[in-house]
Amino acid sequence: MGSGNAAARTDVDAVVIGAGFSGLYMLHKLRDGLGLNVRVFEAGQGVGGVWYWNRYPGARCDSDAFVYCYSFDEQLLQDWTWSGKYPEQPEVLAYLEHVADRFDLLPDITFGTYVTAAEYDDATARWTVTTGAGEVVTAQFLITGIGHLAISKYVPEIPGLDTFAGDWYHTGGWPHEDVDLRGKRVGVIGTGSSGVQSIPVIAEQASHLTVFQRTPQYSVPARHETADEEFWREVKANYGEIWRRAKTSAGGFPWQHNGKRALEVSEQERLATYEALWAEGGIRFAVGSYRDLSYDDAANATVSDFIRDKIRQVVTDPETREKLIPTHPFMSRRPIVDTDYFETYNRDDVTLVDVRGTPIVEITPSGVRTSSAEYELDVLVFATGFDAVTGPYFNIDIRGRDGATLTKNWDAGPRAYLGLQTVDFPNMFMITGPGSTLGNLPNSIETHVEWIADCIDHMRRNGLTCIEATAEAQESWTDEVNTAAEASMFSRADSWVNGANIPGKARAYVFYFGHFGKFRQRCARVAGNGYEGFHLR
Ligand SMILES: Cc1cc2nc3c(=O)[nH]c(=O)nc-3n(C[C@H](O)[C@H](O)[C@H](O)COP(=O)(O)OP(=O)(O)OC[C@H]3O[C@@H](n4cnc5c(N)ncnc54)[C@H](O)[C@@H]3O)c2cc1C
Ligand SMILES: NC(=O)c1ccc[n+]([C@@H]2O[C@H](COP(=O)([O-])OP(=O)(O)OC[C@H]3O[C@@H](n4cnc5c(N)ncnc54)[C@H](OP(=O)(O)O)[C@@H]3O)[C@@H](O)[C@H]2O)c1
C-alpha cells in the first residue's frame, strides 16, 4: 500500500494522524460527510492501527467481533461476516482494509510517514504539521487518531539486552514475516492480555517455553466455538437493537448486569450465575452478572474467589498453581480473555518463573538470569505492554498557543475535557484522548468521531474558526474522571490505566471509568447546549 494522490495538497481543512479504527472513520466523516479536504498520515505501511502492528502469535480481539466493528453503515454490517467470536489479528486487519477500500479512503492517506511535529498559530487559527519525511502541511484542524497503544511499545530497561545472542521481539512490533519458533527455547516476559494470548500458541511451537510472570492475572475462557451460523444469522437480523443496547450500556457491549447485588442472592444462586456465564465465556462474564462487582469490594470478592477456584481446578502442579493465583480484585485491571491459558501450564515443556519473588537481574548472551537461576533461551518475547495513552502524544512535538507543550501541561498526568480537547491546543481534537471511556473501543471511537464531525459542521455553518476547551470545564471533567476511577475497582491495582506500568511516569487515571452510555449522552448534551465548556469564536 503506498501513498495516494493526497501527496500534492499542502494546505487542507484537516490533518488526521493515524489510520486505525479512529483515523479511517474520521476521514470518511470529514471528506465524504462534510466535503472537507483531509490529509491522513500513518506511520505504518498500511491501515489497521494496532491490528497492523500487533502480529504476535495468538493475537485476537477480545471484544466480541459482532460489536468490535463499526456500527455506522448498515450495509457494511450485513456484508461483512466474521469467522468466529474473537477473530485473529489477520482477520481484524482484513476488515479494516476492507473498510478502507470500500469507502475509497486510501488516496487520502500517506503511509510510512510519521508526524514528528505540529505547531499552532493563533493569528491564523491553523496548525502546521511536519512529518519525518520533511513534508509540511497546514490545516485548520489537527485531529489525533493515534490510539492508546500502537506506537509506544514498552521494553523495560533490563541490563544486558544488547548482549543477548538470540532474537528478541516486542509483541506490539512483531515482524510481518513468519517467526519460526519451532525447536526453540523461548522466554516470554509479561502476562497481560498480549502475554496471555501468545503464551499458549508459543508453547505449541517452542521446544520449551519459560514464562516470566510478575503479577498473576485473572482470565476468562473465550470459547470461540459458541459463535455458530445460527448465532450470526441472529446477530445480522438484530443489529439495530444490538447497537441500541451497546450504546446505552456501561461498557459499550450489548449486555447489562442482572440488576441485582452479588450479596443479596444466595450463594447457590450466585455460583449458578457465575457458572452459566463462565460456560458462555468471554467478556460477558465481566459485565453480565451483578451490578456491584466493579465497585463493591465484598461483592467483588465473590467473583474474584470464583475465578481463583477455576484456576486451581485447571492447574495440576501445586507450586505452579499457587504462583498463578491473583491477589488483586478481578476488574481492577482490564479483563483478559484467553484460549487455554491456564491449561498451558500443565505442559511438561512450560516453566513458570515468578519474577516478583525472584526478580530478573540481567539478560545474558544465552538467556535471562533471575536472582535465583539462569534460563537458557534462543528467543525472548517482551509482552511488556505500552507507555499507554500519553506515550503516542509525547512522541510528537506538539506546540499549542504561545508554544505550550503537552509534556509540560500534562507533566502531572493528562488533562482533557471529555477526552476531546485540551486547554492551550485550540482546533486540536483527540479521538479517545485522555479522560474518555475504555470498554469496547469502536463504540468510544464512533462517539468521538461523530461528535467532532458534528462540531466542525456547526462551526462552518456559523462562521466560527476556532474552538478550545475552557480551563474550568477541563478541571471539572478531570475531577469527574478521578472520582469515577476512585469509586471503581481500577483504583485497587497498578496497571497501564493509571500510569503505574512505566517507571517514573506520572500516576494519573487516563480513562473515564463511568458509564459509557451516560458519557455518550453527556457529549450529546454538551453539543446540544451550544458546546458547553468550549470557547468558540
Ligand atoms: C493487541 C490488541 C488487541 C486489542 N483488542 C481490543 C479489543 O478486542 N477490544 C477493544 O475494545 N479494544 C482492543 N484494543 C484496543 C485498541 O487500541 C482499540 O480497539 C482500537 O484499535 C484503537 O484504534 P485507534 O485507531 O484509535 O488507534 P490505533 O489502532 O492505536 O491506531 C493509531 C495509529 O496511529 C498511528 N500513529 C500514531 N502516532 C503517529 C504519528 N506521530 N504519526 C503517524 N502515525 C501515527 C499508529 O501507527 C497507528 O496505526 C486492542 C489493542 C491491542 C494492542
Ligand atoms: N484483544 C486483546 O485481547 C488484547 C490483546 C493485547 C493487548 N490488548 C490491549 O492492550 C493492553 C495492554 O496489554 P499488554 O498485555 O500488551 O500490556 P500490559 O497489560 O501492560 O501487560 C504487561 C505485562 O508485562 C509485565 N511487565 C512489565 N514490565 C516488566 C518487567 N520489568 N519485568 C517483568 N514483567 C514486566 C507486566 O507485569 P505487571 O502486571 O506486574 O505490571 C504485565 O504482566 C490491554 O490491557 C488491552 O487493552 C488487548
Side-chain angles (χ1 to χ4, degrees), residues 16-26 40-44 46-56 58-65 67-68 86-87 89 92 96 110-118 129 131-132 144-158 170-172 188-198 212-217 219 222 251-253 283 326 328 333-338 355-356 359-360 382-386 388 391-393 395-396 398 431-432 438-445 448-449 493-497 500-503:
V16 176
I17 315 177
F21 265 101
S22 294
L24 293 178
Y25 186 34
M26 194 76 251
V40 180
F41 292 105
E42 167 54 58
V47 302
V50 296
W51 301 104
Y52 173 84
W53 298 108
N54 286 261
R55 298 170 188 241
Y56 59 85
R60 293 173 179 269
C61 59
D62 67 357
S63 289
D64 296 54
V67 286
Y68 193 65
Y86 298 114
Q89 172 271 335
V92 185
L96 290 165
T110 308
F111 290 105
T113 306
Y114 195 82
V115 170
T116 52
V129 177
T131 74
T144 55
I146 57 183
H148 308 138
L149 306 163
I151 211 87
S152 53
K153 299 184 291 291
Y154 169 59
V155 178
E157 281 179 28
I158 303 173
H170 187 283
T171 48
V188 173
I189 303 179
T191 52
S193 301
S194 304
V196 166
Q197 284 189 336
S198 59
F212 299 92
Q213 168 195 272
R214 194 163 63 181
T215 308
Q217 296 277 13
S219 183
F253 296 95
I283 214 82
H328 57 280
R333 295 170 147 218
R334 186 184 177 282
I336 299 178
V337 172
D338 74 277
V355 297
R356 172 97 52 207
I360 296 175
F382 287 89
T384 41
F386 304 87
Y393 285 92
N395 284 341
I396 310 171
I398 306 182
I431 305 170
T432 68
L438 188 59
N440 182 32
L441 255 300
N443 256 333
S444 306
I445 289 168
H448 267 181
V449 166
D494 286 346
S495 77
W496 64 273
V497 303
N501 66 325
I502 305 294

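Every number for a ligand or one of its atoms is a count from 1 in the order of the listing.
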Hey, is ligand 1 close enough to [X] that some N/O pair sits below 3.5 Å?
{"X": "Val115", "value": "yes"}
{"X": "Phe386", "value": "no"}
{"X": "Thr432", "value": "no"}
{"X": "Ser22", "value": "yes"}
{"X": "Ile151", "value": "no"}
{"X": "Pro442", "value": "no"}
{"X": "Tyr56", "value": "no"}
{"X": "Asp62", "value": "yes"}
{"X": "Ser63", "value": "yes"}

For [atom], the protein heavy atom that lies nearest, with its residue and separation:
{"atom": "atom 38 (P) of ligand 2", "value": "Thr215 OG1, 3.4 Å"}
{"atom": "atom 39 (C) of ligand 1", "value": "Ile17 CG2, 3.7 Å"}
{"atom": "atom 16 (O) of ligand 2", "value": "Ser194 OG, 2.7 Å"}
{"atom": "atom 20 (O) of ligand 2", "value": "Trp496 CD1, 3.7 Å"}
{"atom": "atom 21 (O) of ligand 2", "value": "Gly192 CA, 3.5 Å"}
{"atom": "atom 48 (C) of ligand 2", "value": "Ser193 CB, 3.8 Å"}

Check each heavy atom of Phe212 against ligand 2 and say whether those closer than 4.0 Å belong to the side chain, the backbone, both or neither.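 For Phe212, there is no contact with ligand 2 at all, from either part.
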Indicate, as side chain, backbone, both or neither, the part of Phe21 found under 4.0 angstrom from ligand 1 when only non-hydrogen atoms are considered.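 Phe21 to ligand 1: contacts from backbone and side chain alike.
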Quick check on Gly145 - does any of its heavy atoms sit under 4.0 Å from an atom of ligand 1?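 True for this residue.
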Inspect the contact between Asp338 and Arg60 and indicate whether a charged nitrogen and a carboxylate oxygen are less than 4.0 angstrom apart.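 Here Arg60 does not pair with Asp338 in a salt bridge, since their nearest N and O are not under 4.0 Å apart.
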